[in-house]
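Structure first, then comments.
All heavy atoms count here, side chains included; hydrogens, waters and symmetry mates do not. Throughout, a chain's letter reflects where its sequence line sits, starting with A, and its residues are numbered from 1. Fair warning: this is a prediction, and the values are worked out from it, not measured in the lab.
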Amino acid sequence: MPELKYDPYNLIITGVGGQGNVMSSRIIGNMMSLKGFFVTIGETFGASQRGGSVMSHVRISTKETVSPQIPKGKAHMIVSLEPSETIRVLMDYGNPAVQVITNTRPTHPIGVISGQAEYPSDQNIEEWINEISSKAWFFDATEMAVKIGHPIFSNIIMAGALAATNELPLDREIFETIMNTKFNPDKAKSNLEAYDQGVASIV
Amino acid sequence: MSIFTEEQNGTRHLLMGNEAIVRGAIEAGLDVAAGYPGTPSSEIIETLAKYAEKNNHYVEWSVNEKVALEVAAAGSFSGLRSLAVMKQPGLNVASDFLLHLSASGTRGPMVLLCADDPGALSSINEGETRFYARLMEIPLIEPGNFQEAKDMMKWAFELSEEIRNIVLVRTVTRLSHASGNVTLGERKESVGKAFFKNDGFILDPMEGSVMSAPVAYKHGEQQVKLKRCAEIFEKSPFNVYEGPVNPELLIITSSICDLYSKEAVSLLNAEKRVGILKLGTTFPLPPKLIEQYLAKADKILIVEEVLPFLEESIKVLAAELAPTIGAKQFFGKANGDIPMVNELNPDIVVTALSSILGIEYKEVDEEYKKRASEICFFGSPARETTFCPGCPHRASFFSINKNISMDNRSGFTCGDIGCYSMGMLPGGFSTLKTLHAMGSGTGLASGFGKMTKFGMEQPVVSVCGDSTFFHSAMPPLVNAIHNNSNLTMIVLDNSGTAMTGFQPHPGLEVDATGSEAPKIDIPSVCKGMGVNVEVCDPFDLAKTQETLFKFLESDGVNVLVLKQICALSPEKKGKKMFNMSIDDSVCLGGECGCNKMCTRVLSCPGLIWDRETEKSTINDVICIGCGVCASVCPSGAIKKEEA
Amino acid sequence: MKISGSNELLEQIQNNNLCVGCGACVGICPYFKAHKGKVAMTFSCDRTEGRCYAHCPGTETDYDVLANELFNKPYEEKPIGNYIKIYGAKAGEKAVNGSFQNGGTVTTLMKFAMEKGLIDSAVLTDSIDMIPDPQIVTKSDEIGNFSSTKYMASPTVSKFNEAIKMGHKKIGVVGTPCQMKAIGKIKSNPLDREEFKKPETFLIGLFCTWAVDTKNFIKLLESKTDISKIKSMDIPPPPAEVFILKTETEAIEIPLDDIRKIVPEGCSLCPDMTCEWADISVGAFEGRSGWNTLIVRTKKGEELINSAISEGYLTVEEFPDENVTHLTKGSVGKKKRGLAKREELMKSMDQNDNGSATAPSVVGFR
């Protein structure tokens, strides 16, 4: 088993209910588990799925199962399907060394839709995230996903992007194996395409 | 190749807590399982049902938790291994039968799996299962991680077989819905053959009548079984101590709090000062084991969620043991170190530990925290939970709220449990004014509708979902009819138990395993009770409001079924009903005469308020094309075209 | 003159029980709705300036604006308002006979106005199950069906709003003083909306001492008889002090004091008995059954009356001086009572609101 940069490695995958957060965390978790790591995933769904903020804590260890909740301020990597959610997670779990990969496509909360709250500009979001992280990647995963066929593929794009950072020993063969065992060939093909596009988004 | 149908002994998998529980039950040789959906327990029956045919199990979604427990008990009485599954509030529903069952005893091994939700992540209370064990005098075991979720589940059946009584297994959201690595074990054969012996001597537990009488005798037997449990628990491998031989502080904990405690000790680098006793068997407590560890330390911290269940039991033991182990200093709920509300996490345990041990702890650099908070204030607008785009409930509550306002007699709506509970929130126009247990909306409405005697003239409405209707809204409806109450009951029928993931219910033509099943028609049931019933499509706002007006103004009990399938249902998901568009030149935006009716009031996530143009637009990625916004637009700017 | 929004309207008018249900705020936005004589807000609106507030006859009103619009001169405070002439009047021999409450003057004139092309539509008040139901009529032969006194508050102005929205350019309205005042405010386009096309209007005002709250009135009637059997309602001239319900078989008397109890608070503030903001005003002719009092207020009103008389649609006679004195006395009485009540209310609001700015704007009369 390769060594980890941190043990446990604390990864947070965040977004808005319905964006495929859970699927993303499960696929990444399974990729690591198949490599022999201990993986603990904590996630909230149920009521929080209905348009609310969602978050999965994926913790990878060479030694043991750990708390499904990451302690505050201890995230190593935040993968986010929605930009304002990135900022929300950074407030609780961020630290000067944290790295971030974020989809830049906003999903407006109802407070913004109803005009009572304001959604930050793309530029502000980028500046702020850069300010409170050590490294950050930004791209419009939703746009790419829609081109593949459905906005939901953005969750796999993000997984591919995470792999390309080389922060974790995620390899494409394992991803392919999981796709071929869990999905029908059509879906698996689109998911592989999404994964590869995610990989290509990290430069 | 599925771990739920194959042996795969010794293989290692990443499993969700609920999946581990399912595997544990399968390894134990399960025959019968019944439950009612409720987060975070729903995946258990769902998974069992999916593989029921292959495994030759009988698995059902029962109409409610009490019936689920009864169905499972029938399995046990027939000599089979049976399981009942529910979330904590469901245990309250099932508790009437449980009181009698725990006294009558079981035959085939029987386990009751209850999922608690500390912090109410998916509930409207954080009720406790653990106290039921004490109240019902049945053993309680609590897995502390994913491997234990499987292993203890399997063991629960063995324990039940040994003591011939039901065993309560408690899980929590953070275990059931979290995932971790589990190594599979051996699969036992199911019993597979059912026969209910009933012609033996009346007091014969295995062949006589199954009942809780004669009470003193049966109650006594029950307590003997419990004593036997305590003895077994003394040697249980699920009670584990980790730490120095003589720690400065002993943490006693159970369930998922074990992992929080371990994390907290590690964050403070206090492994040499703190020992952790993790209990898997939390009722009855094994007194010798507790004595052995209490004796090791002078300071004891009890880490558990919500109420001080362990804390109080351990303090009682400590008081009895004081002559031999000496006086102890306790930390936990009583001194305020561990809060009595909400779920725990590693940070809360760290805070308690750092104050007891005098170790300073900072989660992150102060300046970073301050700046991140500032950025979050501007960068992360609050994201309130709301109805999904295209959700029929949004349209239903829009109509209910509008009609009640227009009716102008201070009418109000009593809520119930389901997605539509969000009718409490601004996203549901704050329509619901009461919210309690399953079926309680109509029960309350039945009562309110009789307050006319004391001068109350407000029209009363209750809402309930289709699954809730069968679960427990029928008795209050009968009550309202028989007692000549005045109310409008609205059944928000979205064709499934949507909140928990579309489990079927008696109103659908399919059962838990996907087989065809007789469907019970809600309007016919109501008609059979003798009330006026109408069915409308909530997306047809005009017809819905016209009908509701009529009902609000008429006396007696009226039932309005608002039928429209859930937007997330497998049948509907990803299919647009209409292609929506907004004509910019017609949209009034924020002007007098509209003031953002669609975005500000209806506030469907499928809409966007464009601050620059001051017009509404459609969010094509999110909109599912239900067309409701076109019906509320006062200027006809929103257009819908058949998709 | 401060124009506020719906929140202030609710705070100042509805919540003080001063809404008279005229319907001026209804039909311009999706929020205000009229139902059974009551106006309610369905969902909240956060605009700080709204037509709902600006149109309401209960909020602060600039009488000069209304007077300039109608009479081409600033407001002059007169007991029975601005007028050219007062007649005793009834439908002429050319008018089709209908079942009129009094002299049939209103129905006849509205029909005549439409037939002459002075108006292309008329906002009139019918009733459904006793509840006033305003409607827009575009055919003159349908006008005869609306001729009975409703006594209840009716959201008539909502249909005026609707008629404008529908694009009618010449609109006739029969209404009470509060409704006519609202129409005057609407025509002044208080929010300066570019798309607003001011319609020509022909306004027939009805004398009004008060109206009753619809829901409470129906409740009262229901306690006396089966309301579906009621054929007519009437208040005989003083000193009778009763309200009479007639069914086919009986006449039921209700003491006027019982009726006054269900008069909306807003009516008691009203200073206008003879409906000053109309082209002509019509009421009962005391002491002359089958005749109306007809006050001609504007040039437009005068021209129509003259041709109606000359073409035999209207029969008029001189209005006796002693009746003018009597009418003036009644009108001054209502003004005094209304003003006194308003002062009392403002005082109590001053105390309640610590003298905040809300109180003065509840003035319906300058």
- Query: Hey, which of A:His57, A:Arg105, A:His108, A:Arg59 has the most heavy atom pairs under 4.5 Å with chain B?
  - Reply: A:Arg59
- Message: Let's test your reading of the structure: which of B:Cys376, B:Ala372, B:Ser616, B:Ser380 forms the most heavy-atom pairs below 4.5 Å with chain A?
- Response: B:Ser380
- Do A:Ser114 and B:Ser603 have a side chain donor and acceptor closer than 3.5 Å? no
- Item | Interface residue of largest heavy-atom contact number with chain A, from B:Ser373, B:Cys598, B:Pro381, B:Ala382, under 4.5 Å | B:Pro381
- Segment of A:Leu90 engaging chain B (4.5 angstrom heavy-atom cut-off): both
- Message: Using heavy-atom distances under 4.5 Å, tell me whether A:Val98 contacts chain B through its side chain, its backbone, both, or neither.
- Response: side chain
- Message: Among A:Ala117, A:Pro96, A:Gly111, which residue has the highest count of heavy-atom pairs closer than 4.5 Å to chain B?
- Response: A:Pro96
- Query: When heavy-atom pairs shorter than 4.5 Å are enumerated against chain A, which of B:Arg12, B:Glu374, B:His13, B:Lys262 gives the highest number?
  - Reply: B:Arg12
- In terms of heavy-atom pairs under 4.5 Å with chain B, the winner among A:Gly36, A:Gly73, A:Pro8 is A:Gly36
- Query: Does any heavy atom of chain A fall under 4.5 Å from the side chain of B:Leu425, the backbone, both, or neither of them?
  - Reply: neither
- Between A:Glu82 and A:Thr107, a side-chain donor and acceptor under 3.5 Å: no
- Message: Under a plain distance cut-off of 3.5 Å, with no hydrogens placed, do A:Tyr195 and A:Glu176 share a side-chain donor-acceptor pair?
- Response: no
- Message: Taking every non-hydrogen pair under 4.5 Å, which of A:Pro71, A:Ala145, A:Pro151 racks up the most with chain B?
- Response: A:Pro71
- Task: Give a yes-or-no answer on whether the side chains of B:Asp258 and B:Thr253 include a donor-acceptor pair shorter than 3.5 Å.
- Result: no
- Query: Relative to chain B, which segment of A:Lys74 carries a heavy atom at a distance below 4.5 Å: side chain, backbone, both, or neither?
  - Reply: side chain
- Query: Are a donor atom and an acceptor atom from the side chains of B:Thr617 and B:Asp610 found within less than 3.5 Å of each other?
  - Reply: no
- Note on the structure: Scored by heavy-atom pairs under 4.5 Å with chain B, the best of A:Asn95, A:Thr40, A:Val66, A:Leu34 is A:Asn95
- Query: Got a sec: does the NZ of B:Lys370 have more than 12 other heavy atoms crowding it under 6.0 Å?
  - Reply: no
- Item | Closest heavy-atom pair and its distance - B:Pro346, B:Tyr260 | CD-CD2, 3.7 Å
- Message: For the residue pair A:Glu43 / A:Ser25, report whether a side-chain donor-acceptor contact shorter than 3.5 Å exists.
- Response: yes
- How about B:Ser122 and B:Thr39: does a side-chain donor come under 3.5 Å of a side-chain acceptor? no
- Query: Contact part of B:Cys257 toward chain A, heavy-atom cut-off under 4.5 Å: side chain, backbone, both or neither?
  - Reply: neither
- Mind ranking A:Ser67, A:Gly94, A:Ser56, A:Pro68 by heavy-atom pairs under 4.5 Å with chain B and telling me who comes out on top? A:Ser67
